Structures are given as C-alpha cells and as structure tokens.
Amino acid sequence: MAKKLFLLDAYALIFRAYYALIRNPRITSKGINTNAQFGFTNTLFDLMNKEKPSHMAVCFDVEGVTERHTDFADYKANRQETPEDLSAAIPFIKRIIEGFNIPVIGVTGYEADDVIGTLAWQAHDAGYDVYMVTPDKDYGQLVRDGIFIYKPGYQGGDVEIMGPKEVCTKWDIERVDQVVDILGLMGDAVDNIPGIPGIGEKTAAKLLKEYGSIENILANADNIKGSLGEKVRNGKESAIMSKKLARIITNVPVEFHEEQFCLKEWNKPALIEVFTELEFKTLGKRVLGEEFNVFQTAPVGVQTDLFGNVVEQSEKSKAKSEKKEVAANTDGNADVEATGFGADKNINNTAHNYILADTQEKIAALVKDLLQQTEICFDTETTGIDANDAELVGMSFSYIPHEAYYIPCPADQTATKKILEQFTPLFNSEKITWIGQNLKYDMLVLKWYGIELKGNIYDTMLAHYVIEPEGRRSMDLLSAQYLGYEPVHIEELIGKKGKNQGNMRDVEVEKIKDYAAEDADITLQLKHALHPGLKEKEVEKVFYEVENPLVKVLTDMEFEGIKIDEGFLKDYSKELEREARLAEENVYAGAGVKFNLSSPKQLGEVLFEKLKLDPKAKKTKTGQYATGEDVLLKLSHTNPIVADILVYRELTKLKSTYVDSLPLLINKKTGRVHTSYAQAVAVTGRLSSNNPNLQNIPIRTDRGKEIRKAFIPRDDKHVLVSSDYSQIELRIVAGISGDPNMCEAFKSGIDIHTATAAKVYNIEAKDVTKEMRYKAKSVNFGIIYGQGAFGLADNLGISRSEAKEIIDNYKKEFIGITKYMDDTINFAREHGYVQTLMGRKRWLRDINSSNFTVRGFAERNAINSPIQGTAADMIKLAMIKIHAAMKKEKLQSKMLLQVHDELVFDALKEEMDTLKPLILENMKAALPLPHGVPVEAEVGFGDNWLEAH
DNA sequence: GCACAGTCTT
DNA sequence: GACCAGAGACTGTGCT
C-alpha cells in the first residue's frame with residue numbers, strides 16, 4: 001500500500017478557524033452550527049482519524065495572508081473578515097496544529113500553495129499518494145463545505161487546477177494558461193485571488209479572446225472604451241499580481257524528506273489546554289475520549305510559539321487531568337466533583353443537602369416549611385417531553401441554595417393525586433413567587449392534575465431571554481455559563497435521545513432524587529445569578545409585565561388545544577394525492593424521463609441539462625441548479641411542464657406538511673391538537689409555535705386555504721372567533737417615528753397603502769389605481785425592512801430606476817420615517833442596542849462593523865426589531881389582559897391560538913356579546929402608541945378558522 | 001444525524 | 001459580480 005502524505009494549506013485553515021473561533025456563533029434554526037464551530041479542528045481530526053495518513057504537513061504562510069488582505073482595499077471591503085480577525089485566529093490554529101503534532105513548513109517568499117505544489121510532485125515521484133488539502137474554488141464554498149481535498153498523482157499523474165466554474169483535470173499547459181489568465185482578470189473568482197473588481201468570467205473570456213493574453217490587454221488598456229476600460233486601467237497591478245497568484249509554482253526551493261513529515265503522537269495535554277479554552281466539549285470528547293470534560297480542567301492562558309515547546313504547560317495540565325481522574329474514581333457522585341472556570345463560583349465545592357420526602361409525615365413537614373417562604377424554586381420530573389401526554393414522576397423544591405427536596409410520585413395516579421392534595425395549600429398560596437426554568441412545562445403537567453399555581457411566576461429561561469435574546473438557553477448551558485458548573489445530564493439517567501431513550505419512571509428513586517433536586521437547586525442559583533442582569537440591562541419592565549404573566553396564559557392555551565376535523569382532512573388528502581399524481585405524470589410525460597420530482601437536484605438536472613430550458617440557469621451555493629418557485633415562475637412560458645411542477649410542489653407541500661401531519665398530532669386524551677409555544681426563541685420577542693406549528697397554516701392560495709376549514713369549534717354550542725390587529729406594524733412605525741403624514745393617514749382612517757400611493761405619486765387619493773396601491777404597499781413593507789431599490793424592483797417586477805424614483809419620493813413625503821431610520825441606526829451605533837416601547841432590547845454587536853454586508857444586516861435589524869418587537873409586546877399584553885378579563889367575567893370561552901397579530905378563540909355562542917367587545921377593547925388598549933396613532937382590531941367568527949378569519 | 005433546498009406563515 | 005426585507009417551522013432528499 002502506498003504511503004499517504006497530506007499537505008495542508010494553512011491559509012485555508014486560517015479562514016476556517018476564523019469562522020470557527022472568532023465568529024463562531026453561526027446561528028441556524030437548530031441553534032449554533034456546530035459544523036462551523038468545530039469545523040477546522042474537526043477537519044484536522046477527521047483527516048487523521050479516517051484517512052490515517054502516515055505523513056502530513058501544514059504549509060504556513062501567515063504573512064502572505066494578511067498582506068494580501070491589506071493590499072487590496074476593495075477586496076477587503078467585500079470580505080467579512082479583517083486582517084486583525086485572521087491574526088486573532090492564528091494563535092489558536094497554531095496551538096491546535098501543535099497539539100496534533102503536525103509538522104509545519106514554510107518558505108519565505110512563496111505562497112503555501114506553491115510550496116504544496118512543489119512538495120506534492122516530489123512526494124508523488126517518491127511513490128506517495130499525495131492529498132492536498134486546500135480551499136475550494138470559491139470562498140463561500142470554503143466556509144460552508146470545509147476544506148476541499150484534491151489529489152495530484154491520484155490518476156496517472158493528473159493534477160486538478162481549480163478554475164472559475166470548472167475543473168481542469170489534465171496537466172494541460174495551454175489550458176492552465178487560460179485558466180490562470182481568466183483568474184487574473186476575473187474579480188473575486190477564487191478565494192485568494194482578487195483579479196479586477198467588476199470583471200466577471202464572461203467579460204474576462206471575451207477580453208482574452210480579443211487580445212490573447214493579460215499582458216496584451218493591459219498594453220492596450222487605453223483603447224478599451226467605457227467603464228470596462230476604466231476598470232482594466234485601474235486594475236492593472238491587481239491583474240498581474242493575480243495572474244502570478246493563480247499559477248501554482250512547482251519549483252520552490254524546498255525538498256521532500258519523508259522523515260520530516262512523519263506524524264508523531266499527539267500532544268494530548270496541549271490539546272486539552274486549547275480545547276478547554278475554546279470550550280470544544282463534544283469534539284474534545286471525540287478526540288480525547290469520554291473522560292475529557294471542559295468543565296473539569298481550568299484553562300491556562302499560556303501563549304505558545306508555533307515551533308516552541310509546551311512542556312511546562314503539559315506538566316500542569318497533566319497534573320490536573322490526573323487529579324480529575326482520581327476524583328472521578330473515588331467519588332461516583334457526579335454532584336460533588338468537577339471544577340468550573342471559576343473555582344470560587346463552583347457550587348460543587350460546597351456540600352449540598354438533597355433530601356427525599358417520601359412519606360406523608362415528611363411531606364407535611366415540608367409543606368409547612370415551604371408555606372413560610374415567599375420564593376420557591378420548583379421543578380417536575382415526568383415520563384415524557386410532551387407535557388400534554390406525560391405523567392408526573394416527581395417534584396422538587398428548593399428555596400435555599402445547595403438545599404433541595406424531592407418528592408417521588410408513584411405510577412399509581414390515584415396515589416399521586418393524593419400526594420398532590422397535600423400540596424394544595426402551597427400551590428394555592430398567592431404570596432409565593434414560583435421560580436423555575438421553563439415553568440410553562442411544569443404548570444402544564446400540573447394542570448392535567450387539576451392544579452394551578454396561584455402565585456407569581458419568575459422564569460429563569462425568560463430572564464435570560466430578555467437579558468440575552470440571541471442564542472440558546474438550556475439549563476445545562478446556563479448553568480455552565482453562569483455558575484461554572486455542569487449538572488448531571490438527563491441522558492445519564494434515561495439514555496441518549498432517540499427511540500431507545502428510557503423513561504424516568506424506570507430510574508431508581510435515589511438517582512432521580514439527585515438529578516431532580518439538583519435541577520431545582522441550580523435553577524434557584526441561576527435566578528440569583530441572572531437577577532442583577534435584569535436591572536443592569538434595564539429589561540425589568542418587559543420581564544415582569546410581559547413575559548412572566550404571559551406564562552399562565554400560554555399554559556392555558558396549550559392546555560385547551562384546538563379541535564380538528566379529521567374526516568375532512570382525510571378526504572382532502574385523497575384529493576390532493578389524486579391531483580398531485582396527475583401533475584407528476586404530466587411532468588414525466590413532458591420531460592420524457594421518470595425521476596424523483598421531489599428532488600430539487602434531479603429536477604434541476606432534467607430542466608437545465610436535458611431540456612435546456614435556460615442556458616443561464618442559476619445555481620445554488622452548493623452548485624446544484626436553483627429550482628425555487630421564483631425561478632420556475634420565470635420559466636413557466638418555456639415549457640408546459642413547469643406549471644405542473646409548481647402544482648405538484650404546492651400539493652405535496654400541503655399534503656405532507658399539513659393535511660397528513662395534523663391528524664397525527666391529535667392528542668388521544670382530548671381529541672384536540674395542542675401546539676406548543678416557544679416563548680424564548682424568536683430574537684424580536686415574537687412567539688413561535690411548534691408540534692405542530694399553527695402559525696403557518698396556509699391562507700394565500702385557494703387550495704391552501706381549505707386547510708383552515710379543518711380547524712373547528714369545540715361543539716355546536718361554540719364558534720371560532722378570530723380577532724386581528726389591522727396594519728399593526730405600520731401603525732407602530734407611524735407612532736414611534738411620529739411622521740406627520742403617516743400619523744394623519746391613520747387618524748383619518750383612510751386606507752394606508754392608498755394614502756401612501758397618493759403621496760408618492762403626488763395625486764388625490766381617489767385617483768390611486770390598484771397598481772399604484774400595490775406598489776405603495778410593497779414600498780411600505782420594503783422600506784421598514786431596509787430593502788433597497790434593487791429588492792423593490794425585483795419584488796414588483798419594475799425597473800431599478802422606477803423603483804429608485806418611488807423610494808426617493810417616499811422618503812421625501814415621509815420625512816419622519818427617513819429620520820426614524822437614521823436615528824435608530826445612530827442610536828444603535830452609540831448604545832449597541834435598539835429597544836421596543838416596553839424596553840425589550842436587542843443587541844447589535846455588528847452595527848459598527850467595518851464590513852458593508854455585516855453592518856447592513858445589523859442596520860436592517862436595528863430598524864426592524866423595534867417595530868416587530870413592539871407588535872409582539874402589544875399582542876402579548878393584550879393576551880394577558882384578555883385572559884384576566886375572561887377569568888374575571890367567569891367566561892367559559894377559551895383563548896386558543898396566537899398568530900403574531902391574530903388571536904383565535906373557542907367562543908360559547910351565548911357569551912359572544914360579552915366576549916367580542918372584551919377582546920377588541922383589550923387589544924386596542926393593550927399598548928397605546930405615541931403621537932395618538934390609533935390601534936385598530938377586527939373580529940370575525942364562523943364554524944371554522946377560514947370563516948372566522 | 002445533519003445540511004440543504006424549498007415552502008408555508010406574518 | 002454578488003448580494004439584496006424582518007421573523008420562524010417543517011418536509012423530503014442526499015450524504016456521512
């Protein structure tokens with residue numbers, strides 16, 4: 001078997017690490033993108049772990065990297081990272097490379113690529129399989145897909161040269177020259193080659209065809225007319241430099257000696273150091289084994305030189321890890337060991353007292369004791385994650401740090417109810433503030449036993465939400481962050497997530513006691529740790545007046561659920577199935593092939609390679625053809641199957657996401673669907689809904705609308721009532737900007753989009769055409785989200801100049817809004833945050849970024865967040881008020897759903913006369929807007945959601 | 001199990 | 001030449 005040599009370009013690693021280490025929180029819908037977070041180290045580890053190279057080297061070219069970025073100001077401006085950013089990443093990279101004990105090579109005056117190129121061929125001739133690890137052809141690809149591996153000498157000595165949009169696989173000098181020339185000319189073509197900004201691949205090819213070479217083009221630059229000529233003249237230096245950069249040199253003065261590149265054993269202590277410092281928990285365990293624990297080894301901030309030795313640190317770390325192992329071996333109780341980042345903060349150094357209360361006497365004494373308290377931390381253990389379908393396994397209470405009580409609840413539900421009865425005076429006490437992490441869950445569980453907490457709520461999850469709206473806030477994470485302590489994981493009790501996960505019911509009481517009591521204990525300590533933050537960040541108002549009181553409202557709504565007409569959906573499913581089949585057959589017949597129509601990848605190949613519907617077909621960032629709705633709509637005139645594809649897409653989407661899934665989520669006990677509201681997810685302050693998501697039930701198309709007919713009232717004594725705010729976000733814009741024209745429009749009650757059109761086109765409201773109103777509407781929404789002329793033009797299908805004119809007019813007419821946008825951005829720049837009327841804040845750390853794209857994103861958020869967030873505050877306040885009023889009036893009607901600006905109720909028909917004004921008045925008065933801008937709401941009712949809306 | 005493309009809402 | 005409105009949840013495909 002041939003020996004394997006891996007050559008890595010540090011340049012690629014630095015970019016990768018920059019993203020991994022400096023900008024690491026790349027948030028996706030599922031939380032932090034761990035791929036980005038650990039990508040660099042993962043790549044290194046995977047290479048060694050899976051490929052098992054015998055030899056390896058990293059080619060370091062740090063100076064080159066930062067130089068290149070400072071040389072080209074333009075180029076730099078379009079990048080997300082700065083030389084400083086990269087420099088910041090380099091020490092970490094060095095330490096990780098050092099930890100893995102990978103040889104490093106660098107030759108002054110040459111690019112890492114060239115060193116790699118030279119070594120690769122030498123090693124290849126010496127009989128090695130050489131793998132070059134280097135960035136892919138474009139920067140975006142690098143960030144997303146990791147490091148591209150290509151292999152010279154893999155197929156009879158072929159080498160791959162990355163060119164723009166194609167790969168040259170033969171060592172074909174002529175072809176290489178062409179590629180190199182194109183790269184030299186083409187702006188931003190390849191990761192580290194700037195080219196001439198403003199020149200694309202096609203222009204580059206055209207120029208080369210005309211003049212033959214870059215040198216000829218530059219010599220004749222003065223003869224090239226127009227802006228193209230100017231670009232070429234301005235880019236002379238860049239083009240020559242880029243051409244040089246693009247060619248991989250294979251005669252660098254460096255020699256391949258195999259003993260120099262032999263992989264040695266890892267320097268584990270050094271790895272532990274750096275992983276600990278970077279909190280690479282999961283990866284640390286993968287690399288170093290299960291015993292690695294970030295929270296058990298204190299970080300040591302000793303800088304190391306790339307080639308320096310790490311003996312001193314190693315000794316230290318070694319001592320630490322040994323100590324840790326001893327501790328782990330002598331004490332099986334996870335509670336009492338582990339040391340965090342700040343040993344002083346760590347609760348495990350303090351003895352704790354977790355007490356089991358499993359007899360009537362003990363419980364009675366506990367309840368008596370708890371009744372003396374004003375703040376009690378409370379947590380439940382249950383048989384499952386779905387509160388609407390879970391049994392109580394136990395409860396824990398804590399009111400003094402390091403002390404907690406656990407009460408087991410038996411599987412016999414009558415016995416459990418009996419235990420709960422003992423707690424009734426406690427749960428009914430109005431002077432107790434209940435502290436908990438996501439109390440909505442616990443309250444929902446209790447509600448199934450007929451119990452409601454009468455006191456106030458203090459939810460630590462919500463406290464963290466208002467203090468730090470972005471990021472995740474699981475208890476494990478908060479505990480690690482605020483208390484420097486890693487609690488027992490639930491997996492240690494019931495196993496890893498998945499279908500084999502066990503049940504809390506089957507875990508021995510002693511174990512649950514430790515786990516559950518610790519949860520209550522930690523949550524209480526979290527409350528103390530988080531509490532000062534509320535004042536510091538000035539978010540107490542939104543916390544105490546909005547988020548905490550809302551918990552009870554949401555609990556009741558989730559408990560109620562909504563009735564679904566299962567039979568209707570079943571019939572509709574069949575109908576959709578039939579029509580989708582038909583459309584699918586049409587597509588196959590029209591295309592002449594059968595394929596998986598649900599696969600965008602296969603569809604793209606059929607449309608653009610077989611049928612060649614669009615020679616200029618756009619591709620997605622991963623290189624497959626884009627086949628989104630917008631793309632297909634533009635193609636619909638070219639081939640009749642496109643319309644069928646769109647129909648197929650619509651039907652299958654409706655069928656799989658709604659019609660077929662909703663019935664599966666009907667609760668067996670209630671026969672209703674109970675959505676779950678996430679109160680601490682959306683950064684702007686909105687709620688989100690899942691399991692199922694009832695906030696995205698279709699309404700736009702006729703076929704989609706049908707689904708709303710499946711949402712029905714409880715019985716024939718009830719109707720569904722839907723009430724929604726009218727133009728709430730625009731009213732808020734008017735209110736907080738105080739723009740006189742817009743405020744006036746709302747006060748006089750005329751249609752806001754018509755009023756806007758009249759102003760923008762400078763005509764009377766009565767002369768506004770449908771089209772003008774439509775455009776004005778689009779501008780109204782676009783403007784407040786910071787959409788530019790291009791976006792508006794694209795949206796409306798009009799020319800850019802027309803779009804620009806409309807926007808300019810708009811800004812002139814609604815000068816207050818322009819001022820609001822400028823003021824908001826300036827406020828954010830100065831203070832680092834923006835806020836809603838209720839003081840809900842959003843921090844924008846990128847608002848002063850030197851990078852255009854990053855800053856732009858922050859600026860749009862600065863404008864949008866106060867608007868969307870104020871709307872969220874308003875409806876939340878309305879919900880709290882309506883909930884209280886309904887309780888006061890002892891109404892039997894129930895609030896069921898919230899869809900951002902809409903509330904849905906199950907209304908008892910005879911209560912309608914009371915209910916309707918109650919809803920409307922509370923919605924309108926929930927949060928008065930500045931400048932006297934009126935808030936309007938409408939209410940409708942019917943035998944299903946479609947009729948009510 | 002994860003990333004991605006696509007599609008639904010406000 | 002690329003990007004280009006905010007905020008989410010969920011599905012199927014394709015890869016590891």
Side-chain angles (χ1 to χ4, degrees), chain A residues 28-30 33-36 46 50 78 138-140 144-145 164 186-189 195-204 231 497-498 596-604 618 620-622 624-632 646 649-650 652-658 660-661 675-676 678 681-701 704 707 724-725 728-729 778-795 800 842 852-853 856-857 859-869 871-872 875 898-902:
Chain A
T28 70
S29 62
K30 288 181 184 165
N33 180 343
T34 50
N35 224 19
D46 280 350
K50 291 182 189 158
N78 288 320
D138 100 76
Y139 169 75
R144 281 186 304 273
D145 298 345
M186 195 174 135
D188 214 20
I196 299 178
I199 291 187
E201 189 187 350
K202 283 189 186 146
T203 319
K231 281 176 193 163
K497 265 194 180 163
N596 186 347
L597 187 47
S598 295
S599 161
K601 189 165 175 269
Q602 296 183 29
L603 174 65
K618 275 203 191 125
T620 66
K621 55 188 169 181
T622 49
Q624 49 171 288
Y625 293 102
T627 67
E629 197 180 1
D630 48 336
V631 177
L632 294 185
L646 287 167
R649 282 251 175 99
E650 187 192 353
T652 48
K653 168 77 180 179
L654 293 176
K655 186 170 179 298
S656 66
T657 310
Y658 305 105
D660 290 347
S661 326
T675 185
S676 173
V681 169
V683 281
T684 52
R686 275 190 177 180
L687 296 177
S688 83
S689 148
N690 58 33
N691 278 315
N693 180 356
L694 293 185
Q695 291 181 324
N696 73 343
I697 302 302
I699 194 160
R700 215 186 55 200
T701 64
I707 292 164
D724 63 327
Y725 281 114
I728 192 59
E729 293 199 350
S778 204
V779 182
N780 268 334
F781 284 101
I783 289 271
I784 59 179
Y785 293 131
Q787 184 184 37
F790 199 110
L792 183 69
D794 196 48
N795 235 352
R800 247 167 118 172
R842 176 163 187 188
F852 176 79
T853 319
F857 189 71
E859 286 173 357
R860 285 194 294 275
N861 282 332
I863 293 169
N864 172 257
S865 296
I867 301 166
Q868 198 184 104
I875 196 164
Q898 188 251 46
V899 193
H900 309 309
D901 68 354
E902 176 189 5

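Everything numeric in this text was worked out from a predicted model, so none of it was measured. Proteins get letters first, then strands, A, B, ... in listed order; numbering begins at 1 in each. Side chains included, hydrogens not; waters and symmetry mates left out as well; all remaining heavy atoms used.
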Rounded C1' spacing from C:dA2 to B:dT7 in Å
24 Å
Answer yes or no: side-chain N or O of A:Q868 and base N or O of C:dG6 forming a donor-acceptor pair under 3.5 Å.
yes
Taking atom P in both C:dC4 and B:dC4, compute the distance separating them and give it to the nearest angstrom.
15 Å
Of the listed C:dT13, C:dG8, B:dA5, the closest approach to the A:Q624 side chain comes from B:dA5
Taking OP1 and OP2 of B:dT7, is either one under 4.0 Å from a side-chain nitrogen or oxygen of A:R649?
yes
Could you check whether A:A871 gets within reach of a base, just the sugar-phosphate, or nothing at all, counting any heavy atom under 4.0 Å?
nothing
Base, sugar-phosphate alone, or nothing: which one does A:S865 contact when heavy atoms must sit under 4.0 Å apart?
nothing
Checking A:N691 now: which residues fulfil side-chain contact (heavy atoms from CB on, under 4.5 Å) with it, not counting sequence neighbours?
none
Would you mind classifying the nucleic acid contact of A:L687 as base, sugar-phosphate or nothing, using non-hydrogen atoms under 4.0 angstrom?
nothing
A:K653 NZ to C:dT13 C1', in whole Å, measures 14 Å
DNA chain C nearest-nucleotide lookup for A:N596 and A:F857: closer to the 5′ end is A:F857
Applying a 4.0 Å non-hydrogen cut-off, can you work out what A:L654 is touching in the nucleic acid: base, sugar-phosphate, or nothing?
nothing
Is the shortest side-chain N/O distance from A:R860 to OP1 or OP2 of C:dC3 below 4.0 Å?
no
Checking contacts here: which listed nucleotide (C:dT11, C:dA7, B:dG6) is nearest the side-chain heavy atoms of A:S656?
C:dT11
In whole Å, what separates the P atom of C:dC3 from that of B:dG6?
14 Å
Rounded to the nearest 0.5 angstrom, the OH-CG distance for A:Y658 and A:L694 is 10.0 Å
With sugar-phosphate meaning primed atoms plus P, OP1 and OP2, does A:S689 contact a base, only sugar-phosphate, or nothing at under 4.0 Å between heavy atoms?
sugar-phosphate
Sugar-phosphate, base or nothing in reach of A:E629, heavy atoms under 4.0 Å
sugar-phosphate
Can you tell me if the side-chain N/O atoms of A:R700 get under 4.0 Å from OP1 or OP2 in B:dC8?
yes
Check whether any side-chain nitrogen or oxygen of A:S688 sits under 4.0 Å from OP1 or OP2 of C:dA9, and answer yes or no.
yes
Below 4.0 angstrom from OP1 or OP2 of C:dG14, is there any side-chain N or O of A:S599?
yes
